[in-house]
Protein chains: 2
Amino acid sequence: MSKQPKYRQVADALRREIVNGAFDRDRRLPSESELSARFDASRNTVRSGLALLVSEGLITSSQGLGYEVRSHEVFELNASRFENLNFPHNGDAYNTDVTNAGRRPHQTFRVEMLPAPEEVAERLKIEKGSKAVLRFCHRYVDDVPWSTQATYYPAWLIEESPRLAEPGDIEEGTTRYLAARGIEQIGYFDEIATRMPTPEEARLLEMSAGVPVLLWTRTGYSADRPIRCTITTFRGDLNRMNYEIGDLAGRSENT
Amino acid sequence: MSKQPKYRQVADALRREIVNGAFDRDRRLPSESELSARFDASRNTVRSGLALLVSEGLITSSQGLGYEVRSHEVFELNASRFENLNFPHNGDAYNTDVTNAGRRPHQTFRVEMLPAPEEVAERLKIEKGSKAVLRFCHRYVDDVPWSTQATYYPAWLIEESPRLAEPGDIEEGTTRYLAARGIEQIGYFDEIATRMPTPEEARLLEMSAGVPVLLWTRTGYSADRPIRCTITTFRGDLNRMNYEIGDLAGRSENT
DNA sequence: TAGTGGTCTAGACCACCTC
DNA sequence: AGGTGGTCTAGACCACTAC
């Protein structure tokens with residue numbers, strides 16, 4: 001153990017107190033000047049320590065208020081049931097799930113035609129830079145931004161299914177609309193990654209420092225080619241995904 | 001658009017240059033004192049801007065060397081094939097995958113008996129605080145720490161399958177060993193989450209600031225109850241997971 | 001030895017929130 | 001008005017890397 005710099009000692013001491021529940025009363029931490037006195041360090045040094053805890057996602061700060069221990073509430077999304085192939089949902093699993101949890105869902109929606117981003121073009125097997133329809137959804141729970149969802153459809157699909165390019169909801173759900181026009185999604189390829197948010201993402205999802213995003217890219221296939229690519233960006237502190245694989249009878253048993 | 005603080009202007013300007021590839025030659029950024037002169041800001045202000053980019057995962061810094069644009073190389077793990085129920089792998093999919101990618105895998109391994117952590121006990125449906133066997137694996141690729149994997153087995157399972165609690169590899173793979181003793185895993189429940197690493201995780205995985213971890217929790221079930229819980233902690237900058245669902249004939253087509 | 005980033009200080013002033 | 005965090009400065013000294 002080599003000697004730690006003072007700002008790390010501050011961070012380590014406070015972290016230990018936080019996980020031990022020392023601030024569970026009102027979640028408020030002492031002010032910077034109090035900590036400065038307690039640790040015999042300058043205000044800037046204390047700030048460095050606090051910044052470390054912020055970047056670890058342990059605490060938040062707000063001007064004029066102080067530092068607070070972050071509280072978590074996680075929403076779970078079942079990705080293997082979300083668009084079950086045998087029981088396609090009615091286009092609104094999100095609203096149903098959120099309402100069932102006793103929360104108030106809310107979303108904004110827009111449709112546009114634009115050149116497909118490179119990683120989308122690859123997955124849809126279309127020329128880089130060729131046009132695609134983007135249906136974009138910004139989701140909230142109780143007015144807290146929760147996730148964004150961007151679904152891209154290749155241009156060739158629009159000729160056969162023009163309503164995809166029209167603004168406004170598709171009542172029966174896009175999956176059913178496509179199925180009714182003979183285009184059936186029979187398989188999905190899901191990719192899951194994480195990273196820190198871009199400034200744009202941080203703005204849209206109102207994410208504070210120390211919170212990563214969870215990226216879920218789902219490419220849907222018909223029998224012979226990809227027909228859509230959906231990129232969902234979750235706030236990492238509020239969301240978790242799960243998959244059910246095989247026979248889970250043993251999960252609901254009362255053993 | 002309100003006026004941004006100076007350190008954000010510094011970060012925004014540098015971020016724009018980075019994504020535009022301005023430093024693609026040698027990936028080195030100008031020194032703090034150069035930037036201080038260029039932006040007419042104190043060294044500390046420039047440092048605040050750079051710290052922002054570090055926490056976004058865009059750049060790294062090393063004492064005596066300077067700041068560098070971070071480069072990424074991602075390893076993809078197929079979670080739906082990883083332990084395919086019909087074709088159980090030989091206990092070493094990780095080594096195979098890494099070697100196939102032309103890289104050199106390496107791992108350390110240990111076994112111990114301890115009280116199950118709360119979130120593990122819940123998933124294994126055992127009493128909080130009751131004993132479990134932990135088989136822990138620390139994985140490297142070309143000597144870079146890549147992930148850790150902790151698998152917990154409930155104590156009742158050990159009585160029937162004592163080799164689980166013995167140190168050292170199980171040649172044929174734990175899944176096959178269990179199957180040979182009449183305990184067949186017929187289903188999995190996967191949970192995926194992300195957050196910033198704890199100091200302990202950052203140490204084990206040698207993660208620098210601005211990189212989140214990807215957490216994969218797999219609970220395996222027999223016909224009537226959970227038999228194991230595996231928690232894999234990935235470096236978020238090096239790993240991505242994927243799942244194949246349904247019929248993906250359209251993925252390999254040459255359309 | 002020279003140049004890089006890392007730590008720390010003391011103090012100034014601003015912006016925001018609560019009372 | 002008074003307390004909180006947010007921004008910024010100027011300067012000192014330390015630790016690491018390169019040559």
Side-chain angles (χ1 to χ4, degrees), chain A residues 1-14 18 23 25-70 199 202-203 206-210, chain B residues 1-14 18 23 25-70 199 202-203 206-210:
Chain A
M1 291 296 172
S2 60
K3 184 180 184 298
Q4 290 271 55
K6 202 186 274 190
Y7 79 98
R8 283 192 182 277
Q9 298 177 27
V10 172
D12 291 345
L14 292 175
I18 289 168
F23 306 112
R25 305 252 163 190
D26 58 358
R27 317 192 73 77
R28 279 282 301 281
L29 267 66
S31 72
E32 291 178 349
S33 49
E34 286 178 273
L35 293 171
S36 173
R38 167 176 161 198
F39 289 104
D40 187 28
S42 77
R43 185 179 157 224
N44 282 334
T45 299
V46 167
R47 281 178 64 79
S48 298
L50 290 165
L52 206 55
L53 300 182
V54 168
S55 80
E56 288 173 13
L58 260 185
I59 62 176
T60 58
S61 72
S62 4
Q63 202 169 29
L65 288 174
Y67 291 85
E68 269 198 9
V69 178
R70 196 193 284 278
R203 193 181 58 77
E206 290 173 24
M207 299 174 71
S208 49
Chain B
M1 292 296 172
S2 60
K3 184 180 183 297
Q4 289 273 55
K6 202 187 274 190
Y7 79 99
R8 284 193 181 275
Q9 296 177 28
V10 172
D12 291 345
L14 291 174
I18 289 167
F23 306 111
R25 304 256 161 187
D26 58 358
R27 318 193 70 78
R28 279 283 299 282
L29 267 67
S31 73
E32 291 179 348
S33 50
E34 286 178 272
L35 293 171
S36 173
R38 169 177 159 196
F39 289 105
D40 187 29
S42 78
R43 187 180 157 223
N44 282 334
T45 299
V46 167
R47 280 177 65 77
S48 298
L50 290 164
L52 206 55
L53 299 181
V54 168
S55 79
E56 288 174 12
L58 258 185
I59 63 176
T60 59
S61 71
S62 5
Q63 201 168 31
L65 288 173
Y67 292 85
E68 268 197 9
V69 178
R70 195 194 286 277
R203 191 180 60 77
E206 290 173 25
M207 299 174 70
S208 49

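Proteins get letters first, then strands, A, B, ... in listed order; numbering begins at 1 in each.
Counted within 6.0 Å of CG on A/D40, heavy atoms from surrounding residues, nucleotides or ligands total 12 or fewer; the atom is thus considered open.
Residues B/E68 and B/F23 fail the side-chain proximity criterion, which asks for heavy atoms closer than 4.5 Å. Counting only heavy atoms from C-beta outward, the side chains of B/K3 and B/R8 never approach each other to under 4.5 Å. Under the 4.5 Å side-chain criterion, counting only non-hydrogen atoms from C-beta, B/L58 is not in contact with B/L14. Residues A/L35 and A/V10 form no side-chain contact, since every pair of their non-hydrogen atoms from C-beta on lies 4.5 Å or further apart.
Look at NZ on A/K6: it is 9 Å from C1' on C/dT9, rounded to the nearest Å. The interatomic distance linking A/L29 (CG) with D/dT4 (P) rounds to 13 Å, in whole Å. Whole-Å rounding puts the B/E32 CD to C/dA2 C1' distance at 16 Å. When the P atom of C/dC8 is taken as reference, atom CG of A/D40 falls 12 Å away, rounded to whole Å. Between A/R47 atom CZ and C/dT7 atom P the separation is 16 Å, expressed in whole Å. Per the geometry, CD belonging to B/Q4 stands 13 Å off C1' belonging to D/dG6, to the nearest Å. The CG atom of A/L50 sits 13 Å away from the C1' atom of D/dG6 (whole-angstrom rounding).
With B/S36 contributing its side chain and B/A41 its backbone, the two residues share a donor-acceptor pair below 3.5 Å.
Counting only heavy atoms from C-beta on, A/Y7 has its side chain closest to C/dT7 among C/dT9, C/dT7, C/dT4.
In terms of phosphate contacts, A/S48 brings no side-chain nitrogen or oxygen within less than 4.0 Å of OP1 or OP2 of C/dC8.
Where B/S62 and A/T45 meet DNA chain C, the nucleotide closest to each residue was compared, and B/S62 sits on the side nearer the 5' end.
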Check nucleotides 10-17 of chain D for protein N or O atoms closer than 3.5 Å to its own N or O atoms and list the pairs.
residue	atom	partner	partner atom	Å
D/dA10	N6	B/N44	ND2	2.3
D/dG11	O6	B/N44	ND2	3.4
D/dC16	O4'	B/Q63	OE1	3.4

